[in-house]
Amino acid sequence: MQLWSRRKFFLTSVASSVAAGVGKVFARPIPADAAGVSLAPAQGTRPLIISSANGLHALDKGMDILKKGGDTLDAVVATVTVVEDDPNDDSVGYGGLPNEEGEVELDASVMHGPTRRAGSVASVRRIKNVARLAQTVMEKTNHVMIVGDGARRFGVAQGFEEMNLLTEHSRKIWLAWKASSSVNWRPGIDSPEWKQQMTAIFGDDQEKIAYAERVIAHPPTGTIPCMAVNEKGDISATTTTSGLSWKIPGRVGDSPIIGAGCFVDNEVGAAGSTGKGEENIKIAGGHTIVEMMRHGKSPEDACLEALARIAHNYNGDKKKLSTFHIFFYAINKDGQHGAASLWRNHYSEPGHSVYAIHDGTQARLAECKAYFDEINTHG
Ligand code: GLY
């Protein structure tokens, strides 16, 4: 098994590993009870921390902080920092898949429930820990959002290390995308065909070639949202991402948008998202979900309501809706959690949709409720 992963690649492998009863995915241990992905949302319990599935191996870090009485924002930022630091996860931070120019651009946001504050950064280059940078914007400035080179310079001034965020894995996938999308970035008609060109980039690694072909055909928007409620009922959340792969430089998705990719109300709960951020921005999904919970919906039903609004934007046209995928995740003040995905199984993210939870005993996976329940075979 390869050591590198994209969120969807991770999920596929989790699903197949779960089916096979395998205890490891990408050399990371999966808790024994992950073999039985839970189907029903658990009863409320505090403290609680949840994330998208690619945070499973990092939730212990956040739970340790919660158990020691640490701040909920420190817990969620510490959790996603593990994933941002990981060169083998190409959805966030170091090693994220780059923009169309081969430059990794990161977005992140945080909300701190007890003090009702927020921080956000977008289109940040050369700094890997953008969730902590968003937290620093919140704590050290009177701004909420800083973008682009201003965010990078702010980070450097605050002591963040500058580095090249493009790993060899991500550079090669980007080169393959360039070759597939531009006649100028591949040899002329007198040259070897596509498969041979892939072999020139990846050698005989068929798994990497298949992965490259998939992310070229369906540019991913891998992300990690993470939210926590402590024993007292205080709540915080963060969302961090490298955004849409091969994007136009400067494209910003939902992750750094307070009220879309991340939202917290300390009286109610928190919500976050992964998937096609443009669809979430149009319905202010994070805020919508928290408002639905305020009016009595469970976290799962509130996530489904956000998906219903996205479906409504396309008049329920499944053909159009099948061109993208999106997930919502939520917790409430009582420590209940839920998540929902637009599709049960989408060609861009094969395998069942799952998310990661830690309720103080052990990190495990739970199944997302699907808005469209049938298997979608398009693509
Ligand atoms: N949801 C991440 C993005 O669209 O950038």
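Residues: numbered from 1 along the sequence shown. Order of appearance sets the numbers: ligands from 1, and atoms from 1 within every ligand.
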Any heavy atom of Glu105 under 4.0 Å from ligand 1? The part involved is neither
So the atoms of ligand 1 within less than 4.0 Å of a heavy atom of Thr223 turn out to be 1 (N), 2 (C)
The residue among Tyr329, Phe328, Tyr355 that forms ring-ring contact (aromatic ring centres under 6.0 Å, His included) with His337 is Tyr355
Would Gly275 count as being in polar contact with ligand 1, using the rule that some N or O on each side must be under 3.5 angstrom apart?
yes
Backbone of Ile235 reached by a side-chain donor or acceptor of Asn266 within 3.5 Å: yes
Atoms of ligand 1 under 4.0 Å from any heavy atom of Gly253, numbered from 1 in the order shown, are 5 (O)
Result for ring-ring contact (aromatic ring centres under 6.0 Å, His included) between Trp343 and one of Phe372, Tyr371, Phe324, Phe327 points to Phe372
Under 4.0 Å from one or more heavy atoms of Asp254, ligand 1 contributes atoms 1 (N), 2 (C), 3 (C), 4 (O)
Is Thr241 reaching over with its side chain to a backbone N or O of Val92, donor-acceptor style, under 3.5 angstrom?
no
4.0 Å heavy-atom contact, Ser273 with ligand 1
no
Looking only at protein heavy atoms, what sits closest to atom 5 (O) of ligand 1 is Arg251 NH1, 2.7 Å
_Applying side-chain contact (heavy atoms from CB on, under 4.5 Å) to Glu162 and Val156, what does each step give before you reach the verdict?_
CA-CA 7 Å; Glu162 272 194 279; Val156 171; 3.5 Å; yes
Going by distance alone, is a donor N or O of one side chain under 3.5 Å from an acceptor N or O of the other, for Glu161 and Asn129? no
Note to self: Is it the case that ligand 1 has an N or O less than 3.5 angstrom from some N or O of Gly243?
What the structure shows: no
> Does Lys247 reach ligand 1, in the sense of a heavy atom lying below 4.0 Å from it?
Replying inline: no
Distance to the ring centre below 6.0 angstrom and angle to the axis at most 45 degrees; does that hold for Lys320 and Tyr314?
no
